[in-house]
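Counting starts at 1 for both ligands and their atoms, in listed order. A quick note: this is a predicted structure, and the numbers were derived from the prediction, not measured.
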Amino acid sequence: MEGISAYIWIFCVGLVIGSFLNVLIYRIPRKLSFGFNRSFCPSCKEKIKFYDNIPVVSYIILKGKCRNCKAGISFRYPLVELLNGLIYAFLLHNFGPSMEFIVFCFLSSVLITIFFIDLDFQIIPDLLTMPGMAVGLGVSLLPGGIGIVSSLIGLAVGGGVLYLIALGGDWLFKKESMGGGDIKMAAMLGAFLGWQKVVFIFFAAAVIGLMISLVIMLFSKKLRVSRVVPFGPFLALGAFAAIVYGDSVIAYYISNYLKI
Ligand SMILES: [Zn+2]
């Protein structure tokens, strides 16, 4: 596959999978089954016709309203589809048609799903992170993979560091500061990416989290710290940064600071 047509093809595949991610984002935290039953309108519960379920296109044709009850459809649906499509095309640009490309597409889609579920419900479902760890360990064995030893160390470092931070936070604040979901998510990321990139992710997530918190504090005077701030979205953003920039940042760090 060469040229622009490969990108358009991968973008469309990303849109279709993005549409499935919307189903997961909606159904997993509500404990609904996500088998083969068709999508329905959250307002009137009417089943959505296949021709009204085309990623992005249907949203535009229906002008963002349900055909049956005219209730507004959240802009989030086409946004998730577009985001997933664009990320797939971007990853193809970065990694070419390779095993890495497929693995990172898969991981990115899991991250998008976690991002929006954690944002809405402040939970990171085991249903995503536990199989995610298994897939991460599994793909480490593939040709060009990071290897099972690196994957296991990554899993232990990712989960272990956040577990220790959680213990420290619980002791400091006398309440649960970080959920088990965050710990399992970090373990999953370690299994996929290895311990070096997990360390990168923690730094990136902390920096991104700090910047976004500062922006929110500047624009919202009534920010309360009492609410548990979901850490998953920051981990997801940090992980995406690690997928794209991790290798070059780690190589730069090693060549400049770890001269022997
Ligand atoms: Zn409706």
Engineer: Mind checking who shares a hydrophobic cluster with Phe50, ILVMFWY linked at side-chain heavy-atom distances under 4.5 Å?
Structural biologist: Tyr51
Engineer: Under 3.5 Å, is there a donor-acceptor pair linking the side chains of Tyr88 and Ser109?
Structural biologist: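 Their side chains do contain a donor-acceptor pair, which is all the 3.5 Å distance test asks for.
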Engineer: Hey, is CZ on Phe11 packed in by over 12 heavy atoms from elsewhere, all under 6.0 Å?
Structural biologist: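 Yes, the 6.0 Å shell around CZ holds more than 12 heavy atoms from other groups.
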Engineer: With sequence neighbours excluded, tell me which residues meet side-chain hydrogen bond (donor to acceptor under 3.5 Å, both in side chains) with Tyr77.
Structural biologist: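 Checked Tyr77 against side-chain hydrogen bond (donor to acceptor under 3.5 Å, both in side chains); zero matches.
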Engineer: Run through the protein N/O/S atoms less than 2.8 Å from the Zn ion (ligand 1) and write them out by chain and number.
Structural biologist: Cys41 SG, Cys44 SG, Cys66 SG, Cys69 SG
Engineer: Could you tell me which residues satisfy side-chain hydrogen bond (donor to acceptor under 3.5 Å, both in side chains) with Asp247, sequence neighbours excluded, listed by chain and number?
Structural biologist: Lys197
Engineer: Heavy-atom count check: over 12 atoms from other residues, nucleotides or ligands less than 6.0 Å from Phe121 CZ?
Structural biologist: yes
